[in-house]
Amino acid sequence: MGGVRSMVKKGLGEMGFNKGGGAINWFPGHMAAATRAIRHRLKVSDLVIEVRDARLPLSSANEDLQPSLSGKRRVIALNKKDLANPNIMHKWTHYFDSRKQDCISINAHSRSSVKKLLELVELKLREVISREPTLLVMVVGVPNVGKSALINSIHQIATSRFPVQEKMKRATVGPLPGVTQDIAGFKIAHQPSIYVLDTPGVLVPSIPDIETGLKLALAGSVKDSVVGEERIAQYLLAVLNTRSTPLHWRHLNNRRIEELRNEYEDKHDYNLKDLLPNKRKLPNRSDVKYIEDLVTEVQCALHVTLSEFNGNLEEENDLESLIEQQFEKLQKAMKIPHKASEARTMVSKKLLTLFRTGKLGPFILDDVPESR
């Protein structure tokens, strides 16, 4: 990964992922207010569900809140497990287990998956059930880790358990005797009453290093417009190449790869209008088939370019040269007009969409820390 880190420092070092935003103000003011609100609610919460992106088990942690969270009962929910490599996921759950930290991988859109999370939450709260008539569970997480999807699933489960709960219930609680406040939440258990509260997602006001910032941007926790789609796509390609991921796409049809090799030798003239939907014409294949074909074209393009690459991926200049070639091949694979001034941005957006929706396969971007 030496080539990736060198390229990141050289090409992306000016992005200013530091406290205060540096050259870019990526930390919105409303998030600062949300952080203060979370600290306040933590005082009255009996357990915290910290939602993280399963592809970023460490990078998607809210470092600014870790000191406050460490003193609470906590369950780390690694969401989007369907997008994470299952062969590595178990290593991460083992890592957290070794640190005496409750952790469970989930899919927030799966009712059964969320039920398992709630079962773990209720289990962790049993030790305080005898002392408190009302228990509060708080959900926290950086943006775009699936916190809202989790809250919606919890709401559905809560409504099925307690049908009268058509709207948010409110629990009157207070951090100190005689001090009460209303906090909105969903009731998930009775005797004692357990409420799950919703709370705004908060991104840390400082990112420890540029690569962590790029990982968060790749996962969508930092807006594309802040970093730039092209920069994020460059980072994605650097990661794929240094991990030799395109070479592992064994399912690719060898004949199709040969066809693409030949196609790349020919010049293609594309019209920007070809990318626009023709309302008069019915599609001759389903959207699913279109996506499958696009994925195959993209995977083949990356497979061909990497397999024919003779440079050293650990060398920054060689890696940059390969990525430039891949942008050109991807532009052709995606049938984007070569004269379009926005071509690189269009390539980047499509590539990022394929990655974020899991079409390029399951990934975990963070490396499991070595055991001490």
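Index from 1, following the sequence.
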How long is the straight-line distance from CG of Leu237 back to CD1 of Ile323, given to the nearest 0.5 Å? 5.5 Å
Go through it in stages, so that I can follow the logic: the residues are Leu313 and Leu306, the test is side chain to side chain contact (heavy atoms under 4.5 Å, CB included), and I'd like the CA-CA distance, side-chain angles, deciding distance and then a yes or no. CA-CA 10 Å; Leu313 291 174; Leu306 182 56; 4.3 Å; yes
So, Ser59 and Asp366: side-chain donor and acceptor under 3.5 Å apart, yes or no? yes
Looking at [X] and [Y], would you say the former's side chain and the latter's main chain have a donor-acceptor pair under 3.5 Å?
X	Y	answer
Gln101	Arg74	yes
Thr305	Gln326	no
Asn107	Asp82	no
Asn144	Ala219	yes
Ser153	Arg111	no
Glu229	Ser225	no

Provide the closest heavy-atom pair for [X] versus [Y] in the form atom of the first, atom of the second, distance.
X	Y	answer
Ala343	Pro337	CB-O, 4.0 Å
Asp318	Asn312	OD2-N, 2.9 Å
Val304	Ser307	O-OG, 3.0 Å
Ser60	Val145	CB-CG1, 4.3 Å
Ile104	Leu117	CG2-CD1, 3.7 Å
Arg356	Ala217	NH2-O, 2.8 Å

Is Val51 reachable from Leu118 through a run of I, L, V, M, F, W or Y residues, each pair having side-chain heavy atoms under 4.5 Å apart? yes
Decide yes or no for Thr212 and Leu56: does some side-chain heavy atom of the first lie under 4.5 Å from some side-chain heavy atom of the second? no
Hydrophobic side-chain clustering at under 4.5 Å (ILVMFWY, transitive links): who's grouped with Ile76? Put none if nobody. Leu58, Leu78, Ile88, Met89, Trp92, Tyr95, Phe96, Ile364, Val368
Heavy-atom neighbours of Lys72 NZ exceed 12 at 6.0 Å: yes
Can Ser348 and Phe327 be said to form a side chain to side chain contact (heavy atoms under 4.5 Å, CB included), step by step? CA-CA 8 Å; Ser348 299; Phe327 262 103; 3.5 Å; yes
Let's go through Lys116 and Leu120 carefully: what are the C-alpha distance in whole Å and the side-chain angles of both, what is the deciding distance for side chain to side chain contact (heavy atoms under 4.5 Å, CB included) to 0.1 Å, and is it a yes or a no? CA-CA 6 Å; Lys116 289 180 181 178; Leu120 177 58; over 6 Å; no
Please evaluate residues Leu330 and Leu302 with respect to the criterion side chain to side chain contact (heavy atoms under 4.5 Å, CB included), reporting the C-alpha separation (whole Å), side-chain torsions for both, the decisive distance (0.1 Å), and the verdict. CA-CA 8 Å; Leu330 287 173; Leu302 297 180; 4.1 Å; yes
Ion pair check, Arg344 and Glu324, cut-off under 4.0 Å: yes
May I ask you to say whether Glu122 pairs ionically with Arg161, meaning some side-chain N is under 4.0 Å from a carboxylate O? yes
